[in-house]
Amino acid sequence: MNVILLNHYAGNPEMGMEFRPYYLAREWVKMGHHVRIVAGDFSHLRMINPKVERDFSDETKDGITYTWIKTGQYNGNGVKRAFSMFRFVGKLWVNARVLADKWKPDVIIASSTYPLDTYAAQRIKKYSGAKYIHEVHDMWPITLIEIGNMKKMHPFVIIMQRAENSFCRNSDLVVSLLCNAKSYFIKHGMSPNKFRNIMNGVSLEEWKNPEPLPEQIEKTIKELKEDNKFLICFFGSITKSYAISYLIKAIQNMQDSRIALIVVGEGEQKEELMELARRKMKDNFIFFPKIPKRSIPTLLKEMDCLYIAALHNAMFRFGIGMNKLFDSMMSGKPILYAVDAPNNFIEEYHCGISVKAENKEELTAGLIKMLSLTEEERSQMGERGRRAVLEHFTYDKLAAQFAELFD
């Protein structure tokens, strides 16, 4: 089939996030479908953005056709970012008839953070007769209201709410990464039989052929292991929302010199956390810069335990599906988990120790329990997580689930 996937921020492993469109599309190409990802030429999520001279420029990557639309650069979440959204959706909407005739889609997927792309998808559907699937990554506009403190009557929120209501009513199917979002979408006009939950996952290819670690990181890890340190790792964006400070304080309060926390990544809270770590047991905290995604498997396999946590977040009531969760499970390492969400894969698959979010006492108790386990017990814990991913959360299986919806 001819599949068109609209995602303003779509990337690939070389360019950077978002990764999900690439991984799904690559699997669909293997199945024999022709896939075109339509994206903006600038995204705040990518490490590398394409250089685009004109709108609707094509580029091929791993059998996937990328079509780039010039949307303009921006910083942060201000007016410039909003204008980039309107440019992306507006150019698709204005050219919908021409694009429908040229691309001849059988399926069109609107897959973006914000719901405005529903209008472009609906218009292309009108001229092509394609099946329209709307995929929800983030819950806009309710996230803007509850987390961003925007008023319900703010013009931007009103625009987003109308768009959300529109895709709930007019899409053929709604796919969401969030398992508990169904009742919310029903309230906004979705028929109950439209909803499907398809999670994130891992790319087996990256785990079979991982890239090595940067030399300095490899050297440091080797020295720590020779010193018989118990290695705990956090990897990803270093922001307050991931509750890294709770783990640093728990380790400092325990004063257990066996523990070494390795933090890999970049983010707005990194300097603050480095300062916190310097106050006590400073030699037991090591901070490294961001590494290529393809090196993550190599990193995780050197660890004894992985840390995944988050501050309380009202949005988690709809469910959670962090990419790092599935990478961590795939590593075969036990997970120390401190997230409050209705779907808890750590408990479901018995692949780590789960404690309440933002609870220093429980986190400390969980850490002590993890240390008290034998190496064999931790290995069995991690292996259960790995088996769960191989059974349910690899992109070949997830893409096959999604492709069943094309017919």
Side-chain angles (χ1 to χ4, degrees), residues 1-10 18 20-29 31-39 64 89 92-93 96 99-100 103-143 160-201 318-321 343 392-393 395-407:
M1 287 192 173
N2 242 350
V3 181
I4 309 299
L5 189 150
L6 311 180
N7 186 303
H8 188 155
Y9 307 124
E18 288 185 6
R20 179 180 171 94
Y22 167 83
Y23 288 133
L24 290 173
R26 187 176 63 178
E27 297 300 327
W28 294 333
V29 168
M31 295 176 197
H33 300 297
H34 178 270
V35 186
R36 180 186 302 273
I37 294 176
V38 185
I64 306 161
V89 174
L92 282 166
W93 193 89
L99 297 176
W103 293 341
K104 296 179 172 53
D106 300 298
V107 179
I108 181 161
I109 303 166
S111 169
S112 193
T113 301
Y114 55 85
L116 291 176
D117 46 12
T118 185
Y119 297 124
Q122 289 180 45
R123 193 163 166 85
I124 295 172
K125 170 188 170 70
K126 174 183 174 181
Y127 292 120
S128 65
K131 186 172 189 176
Y132 163 37
I133 301 172
H134 194 92
E135 184 182 50
V136 180
H137 295 218
D138 297 330
M139 300 290 286
W140 279 35
I142 193 169
T143 300
M160 293 297 164
Q161 188 59 71
R162 288 177 177 172
E164 182 180 62
N165 295 347
S166 185
F167 80 66
C168 284
R169 291 192 305 266
N170 298 309
S171 61
D172 294 302
L173 291 169
V174 175
V175 172
S176 178
L177 284 71
L178 307 174
C179 59
N180 276 28
K182 181 177 180 178
S183 59
Y184 173 86
F185 293 135
I186 290 171
K187 290 177 183 176
H188 288 272
M190 182 191 77
S191 298
N193 61 349
K194 285 185 181 182
F195 185 80
R196 304 290 187 277
N197 171 226
I198 300 178
M199 299 297 297
N200 274 323
F318 298 115
I320 196 167
N343 56 325
H392 303 290
F393 304 113
Y395 268 109
D396 57 339
K397 290 183 171 64
L398 298 170
Q401 287 177 41
F402 209 129
E404 289 176 6
L405 309 180
F406 294 169
D407 294 325

Got a sec, which residues hit side chain to side chain donor-acceptor pair (under 3.5 Å) with [X], two or more places apart in sequence or on another chain?
X: Thr118; answer: Gln122, Tyr132
X: Arg36; answer: Asp58, Thr67
X: Tyr23; answer: Glu206, Lys293
X: Asn165; answer: Gln161, His188

Please name all residues satisfying side-chain contact (heavy atoms from CB on, under 4.5 Å) with [X], sequence neighbours left out, ordered by chain then number.
X: Leu405; answer: Ile133, Leu173, Val175, Arg196, Ile198, Phe402
X: Ser191; answer: Asn193, Lys194
X: Asn197; answer: Cys179, Phe195, Met199

Which residues share a salt bridge (charged side-chain N to carboxylate O under 4.0 Å, His left out) with [X], sequence neighbours left out:
X: Lys131; value: none
X: Glu164; value: none
X: Asp172; value: Lys125

Q. Between CG of Leu6 and CG of Leu116, what distance do you get to the nearest 0.5 Å?
A.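 Leu6 CG to Leu116 CG: 12.5 Å, rounded to 0.5 Å.
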
Quiz item: How long is the gap from CD1 on Ile64 to OH on Tyr22, to the nearest 0.5 Å?
Solution: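 With rounding to 0.5 Å, CD1 (Ile64) is 6.0 Å from OH (Tyr22).
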
Review point. How would you list, by chain and number, every residue that makes a ring-ring contact (aromatic ring centres under 6.0 Å, His included) with His33, sequence neighbours excluded?
Key: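 Only Phe406 meet the ring-ring contact (aromatic ring centres under 6.0 Å, His included) criterion with His33.
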
ask   = Considering residues at least two apart in sequence or located in another chain, which fulfil the ring-ring contact (aromatic ring centres under 6.0 Å, His included) criterion with Phe167?
value =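 ring-ring contact (aromatic ring centres under 6.0 Å, His included) list for Phe167, sorted by chain: His134, Phe185.
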
